Protein chains: 2
Amino acid sequence: MDTNPQAQQGPDDGFLDTCLFFTANRLGRAITRMAEEEFAPTGLTPMYGYVIRLVNGSPGISQKELASKLSIAPSTLTRFIDKLEIRRLAERRVDGKTVRVYPTPKGLELGDTIVEASRSLRVRYEELLGPEMARKLSEDLKTASGTLE
Amino acid sequence: MDTNPQAQQGPDDGFLDTCLFFTANRLGRAITRMAEEEFAPTGLTPMYGYVIRLVNGSPGISQKELASKLSIAPSTLTRFIDKLEIRRLAERRVDGKTVRVYPTPKGLELGDTIVEASRSLRVRYEELLGPEMARKLSEDLKTASGTLE
DNA sequence: TTTCATATATTGTATGTACAACTAAAATTA
DNA sequence: TAATTTTAGTTGTACATACAATATATGAAA
């Protein structure tokens, strides 16, 4: 039991729940935890899974395009591809000043498992939020980041 | 409206925009960038600013409560408070097995600047999203993380 | 053709965040 | 009261992510 009279609601707590920075990142942390659990069978964290999915679906895609689709910094993607290459899950080929990324047999093999993990993740959060709320929320989040970027 | 299902997209890109893990984190990255800019005058990143605001508003709040209000792991908060203490922006006092955190003069002084930065941030994203959309989105995000946690 | 400007990617460095293992203190129970 | 369990916090370690500085390759201009 909590005997602190201010435990439930401090004098000035409301700002957190109405700040988009805070609420967006809080949801990000919560769903990342969930996504990491569902992606455990792939042996990858969700972002790596999505990189592989993009590469398998667009062999030879450039790193620039990948970073843009994923909305991450190019340097972040460099590190991702480094690790995927070490594990033979994707392969770089230099093409002038761009670097193209290609699937590997091992990466292609993982495709179904990744799709399955994405599906489990969706099922799981749709059960909690309701499919319609989940869909609407993703859509609003997409619109909002498009507007803010 | 876009009638071509593959316009501006590779063969299998749609999964990103309908995945709540991805859309939530993408918005998180976008608004974090914006928040860091607006908080620059405070000399703090936004999360540190919010820790100070909570501590100033509830002197003696325990780390457990702080972590809970911020929805971050206790270990993360330990690191935050370490750094705030080094900069004399907050102060720990051990109280049995809990640790209470108190404001310092320097931390209290920063209060107004932090509130002002939060306000600028809000103004900025409301200009882009519209106040109603911004409000609704924060609310939905709050509800969703409450449900998923 | 040499030089300059631009685009792409990488590297160095720093921060936010978490989990697992550990320590210390309090609460419970025997 | 001694032993056990629970709770709060810290530390070691690891990963995602970004920015600034740098390298390399292409394209443009002289």
Side-chain angles (χ1 to χ4, degrees), chain A residues 1-4 7 21-22 24-37 39-40 43-51 60-68 70-87 90 92-101 145 149, chain B residues 21-22 24-37 39-40 43-51 60-87 90 92-101 145 149:
Chain A
M1 174 92 76
D2 207 331
T3 52
N4 177 347
F21 157 77
F22 181 73
N25 281 299
R26 176 171 53 186
L27 180 63
R29 290 190 293 275
I31 194 143
T32 295
R33 221 174 298 128
M34 186 178 284
E36 281 168 355
E37 287 172 21
F39 272 69
L44 300 165
T45 51
M47 280 297 272
Y48 284 84
Y50 286 165
V51 173
I61 188 172
S62 72
Q63 288 195 186
K64 183 183 165 64
E65 282 173 286
L66 273 174
S68 154
L70 293 166
S71 299
I72 56 176
S75 59
T76 304
L77 188 68
T78 293
R79 265 75 194 236
F80 283 5
I81 305 293
D82 287 349
K83 288 182 189 157
L84 290 177
E85 257 195 328
I86 286 170
R87 297 177 56 182
R92 280 186 175 97
R93 290 185 213 156
V94 177
D95 171 16
K97 72 185 162 188
T98 86
V99 173
R100 304 196 170 280
V101 187
S145 52
E149 261 162 17
Chain B
F21 157 77
F22 181 73
N25 281 299
R26 176 170 55 185
L27 180 64
R29 290 190 292 275
I31 194 141
T32 295
R33 220 173 297 128
M34 185 178 284
E36 282 170 354
E37 287 172 23
F39 272 69
L44 299 166
T45 52
M47 281 297 271
Y48 285 84
Y50 285 165
V51 174
I61 188 172
S62 72
Q63 289 195 187
K64 183 183 165 64
E65 283 173 285
L66 273 174
S68 154
K69 281 186 201 298
L70 293 165
S71 300
I72 56 177
S75 59
T76 303
L77 187 68
T78 293
R79 265 77 193 233
F80 283 6
I81 304 293
D82 287 350
K83 289 183 189 154
L84 290 177
E85 257 195 327
I86 287 171
R87 296 177 57 181
R92 278 186 175 99
R93 289 185 214 155
V94 175
D95 172 17
K97 74 183 164 190
T98 86
V99 174
R100 302 197 171 278
V101 187
S145 52
E149 262 161 15

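Chain naming here is simple, since letters A, B, ... match the order of the sequence lines and numbering starts at 1 in each. As the structure is a computational prediction, the values presented were derived from the model and not from experiment.
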Problem set entry | Rounded distance (Å) that lies between atom P of D:dA20 and atom CD of B:Glu36 | 11 Å
Seminar exercise, completed: B:Pro46 and B:Glu36 have their tightest heavy-atom pair at CD-CG, 3.8 Å
For this session: Using the side-chain contact (heavy atoms from CB on, under 4.5 Å) rule, take B:Gln63 and B:Thr98 through it: C-alpha gap first, then chi angles, then the decisive distance, then the call.
Result: CA-CA 7 Å; B:Gln63 289 195 187; B:Thr98 86; over 6 Å; no
Exercise. For B:Arg26 and A:Ser145, which heavy atoms make the closest approach, and how far apart are they?
Worked result: NE-OG, 3.2 Å
For this session: Give the rounded distance in Å between these two atoms: CD of B:Glu149 and P of C:dT17.
Result: 14 Å
Seminar exercise, completed: Here the distance between atom P of C:dT15 and atom CZ of A:Arg29, to the nearest Å, is 18 Å
List, with names and distances, any nitrogen or oxygen atoms from the protein found under 3.5 Å away from nitrogen or oxygen atoms belonging to nucleotides 1-3 of chain D.
none

Exercise. Can you list the residues that meet the side-chain contact (heavy atoms from CB on, under 4.5 Å) rule with B:Ser68, with sequence neighbours excluded?
Worked result: none
For this session: Could you state the atom-to-atom distance from CD of A:Glu37 to P of C:dC19 in whole Å?
Result: 9 Å
For this session: To the nearest Å, give me how far apart CZ (A:Arg26) and P (C:dA18) are.
Result: 13 Å
Exercise. Phosphate oxygens OP1/OP2 of D:dA18: is one of them under 4.0 Å from a side-chain N or O of A:Thr76?
Worked result: yes
Problem set entry | Nearest heavy atoms of A:Ala30 and B:Glu149, plus distance in Å | CB-CG, 4.1 Å
For this session: For A:Met34 and C:dC19, give me the distance from atom CE to atom P, rounded to whole Å.
Result: 13 Å
For this session: For B:Glu37, enumerate each residue passing the salt bridge (charged side-chain N to carboxylate O under 4.0 Å, His left out) test, keeping only those at least two apart in sequence or located in another chain.
Result: B:Arg124
Seminar exercise, completed: Minimal heavy-atom distance between A:Ile31 and B:Ala24, with the atoms involved, is CG2-CB, 4.3 Å
Exercise. How close or far is atom P of C:dG16 from atom CG of B:Asn25, stated in whole angstroms?
Worked result: 17 Å
Exercise. Per the end-axis method with five pairs at each terminus, what is the bend angle of the helix from C:dT1-D:dA30 to C:dA30-D:dT1, to 10°?
Worked result: 0°
Exercise. Where is the tightest heavy-atom contact between B:Phe21 and A:Ala35, given as atom of each residue plus distance?
Worked result: CD1-CB, 3.8 Å
Listing, residues 70-82 of chain B side-chain donor-acceptor contacts under 3.5 Å, not counting sequence neighbours, or none:
residue	atom	partner	partner atom	Å
B:Thr78	OG1	B:Pro74	O	3.2
B:Asp82	OD1	B:Arg92	NH1	3.0
B:Asp82	OD1	B:Arg92	NH2	3.0

Exercise. With respect to the side chain of B:Phe80, which nucleotide from D:dA18, C:dG16, C:dA18 is positioned closest?
Worked result: C:dG16
Problem set entry | Closest non-hydrogen atom pair between A:Tyr48 and A:Lys83, with its separation | OH-CD, 3.3 Å
For this session: Could you encode protein contacts along nucleotides 8-15 of chain D as a string, one character per nucleotide from 5' to 3', using B for base contact, S for sugar-phosphate-only contact and - for no contact, with a heavy-atom cut-off of under 4.0 Å?
Result: SSBBBB--
For this session: Using atom CD1 of B:Ile81 as one end and atom C1' of C:dG16 as the other, report the distance to the nearest whole Å.
Result: 14 Å
For this session: State whether the side chain of A:Glu65 and the backbone N or O of A:Ser62 hold a donor-acceptor pair below 3.5 Å, judged by distance alone.
Result: yes
